[in-house]
Novice: 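Structure provided below as structure tokens; questions to follow.
Along the sequence shown, the residues carry numbers beginning at 1.
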Amino acid sequence: QVQLVESGGGLVQPGGSLRLSCAASGIIVSRRGMGWYRQAPGKSRELVASIAIGGSTDYADSVKGRFSISRDNAKNTVYLQMNSLKPEDTAVYYCNAIGTKYWGQGTQVTVSS
């Protein structure tokens, strides 16, 4: 019933920016803690950004100051603005409600010159 569709990934040069979108159905994002996760080849999935029901946000140290999570309640969509991208940001990015396993296909982000 829950479906999360990530989009917005692509190939970008170091220092560039991307904005990822997560279109949700089956859940109301404003009534859930939501997060963006990423998984690089050979590595485990890690939480990089989250937004609480009340709107407070939190970030992994590796992305703090560069990434920003937000939501549009009318569109039931969560966003991840990524600036000053580094090669180590290369991964498949997923969104999800915190503590759930409603994994979609993710969107590939590749940072390379």
Novice: Identify the two heavy atoms, one from Y59 and one from S68, that lie closest to each other, and give their separation to 0.1 Å.
Specialist: OH-CA, 3.3 Å

Novice: Can you see which heavy atom on A91 is nearest to which on Q39, and at what distance?
Specialist: CB-O, 3.5 Å

Novice: Which residues satisfy the ring pair (Phe, Tyr, Trp, His ring centres under 6.0 Å) test with Y37, sequence neighbours excluded?
Specialist: W103

Novice: Does any part of the side chain of Y93, heavy atoms only, come nearer than 4.5 Å to the side chain of E6, both counted from C-beta?
Specialist: no

Novice: Quick one: do M34 and V92 end up in the same hydrophobic cluster if we chain Ile, Leu, Val, Met, Phe, Trp and Tyr together by side-chain heavy atoms under 4.5 Å apart?
Specialist: no

Novice: Give a yes or no on this: more than 12 heavy atoms of other residues, nucleotides or ligands lie within 6.0 Å of atom NZ of K75.
Specialist: no

Novice: Heavy-atom distance under 4.5 Å between the side chains of V109 and L20, does that happen here?
Specialist: yes

Novice: Same cluster or not: are Y79 and V48 linked, directly or through other Ile, Leu, Val, Met, Phe, Trp or Tyr residues, by side-chain heavy atoms under 4.5 angstrom apart?
Specialist: no

Novice: CD1/I51 to CG/L80 distance, rounded to the nearest 0.5 angstrom?
Specialist: 11.0 Å

Novice: Taking the side chain as every heavy atom from C-beta outward, state whether L47 and I98 have any pair of such atoms under 4.5 Å apart.
Specialist: yes

Novice: Scan for disulfide bond (SG atoms under 2.5 Å apart) pairs involving residues 32-70, sequence neighbours excluded, and state none if there are none.
Specialist: none

Novice: So which atom in N73 and which in S30 form the shortest heavy-atom distance, rounded to 0.1 Å?
Specialist: OD1-CB, 3.3 Å

Novice: Of the non-hydrogen atoms in L4 and C22, which two are nearest, and what is the gap between them?
Specialist: CD2-SG, 4.0 Å

Novice: Hey, any chance Y94 and W36 share a hydrophobic cluster, counting ILVMFWY side chains that come within less than 4.5 Å of each other, even indirectly?
Specialist: no

Novice: Rounded to the nearest 0.5 Å, what separation is found between the SG atom of C95 and the CZ atom of R71?
Specialist: 13.5 Å

Novice: Nearest 0.5 Å, what's the OG-CG distance between S25 and N76?
Specialist: 8.0 Å

Novice: Taking side chain as C-beta onward, heavy atoms only, is R38 less than 4.5 Å from T90?
Specialist: no

Novice: Is K86 paired with D89 through a side-chain N to carboxylate O contact shorter than 4.0 Å?
Specialist: no

Novice: State whether the number of non-hydrogen atoms from other residues, nucleotides or ligands found under 6.0 Å of E46 atom CD is greater than 12.
Specialist: yes

Novice: Keeping the roles fixed (side chain from R66, backbone from S62), state whether a donor-acceptor pair exists under 3.5 Å.
Specialist: yes

Novice: What closest approach, in Å, do S17 and Q81 show between heavy atoms, and which atom pair accounts for it?
Specialist: CB-NE2, 4.0 Å

Novice: Is it the case that over 12 heavy atoms from other parts of the model lie below 6.0 angstrom from the CD1 atom of I28?
Specialist: no

Novice: Quick check: do V29 and T77 have side-chain heavy atoms less than 4.5 Å from each other?
Specialist: no

Novice: Report yes if some heavy atom in the side chain of S112 is under 4.5 Å from a heavy atom in the side chain of L11; otherwise report no.
Specialist: yes

Novice: Would you indicate whether the side-chain heavy atoms of M82 and V12 approach each other to under 4.5 Å?
Specialist: no

Novice: Looking at R32 and T100, what are the two nearest heavy atoms and their distance?
Specialist: NH1-CG2, 3.9 Å

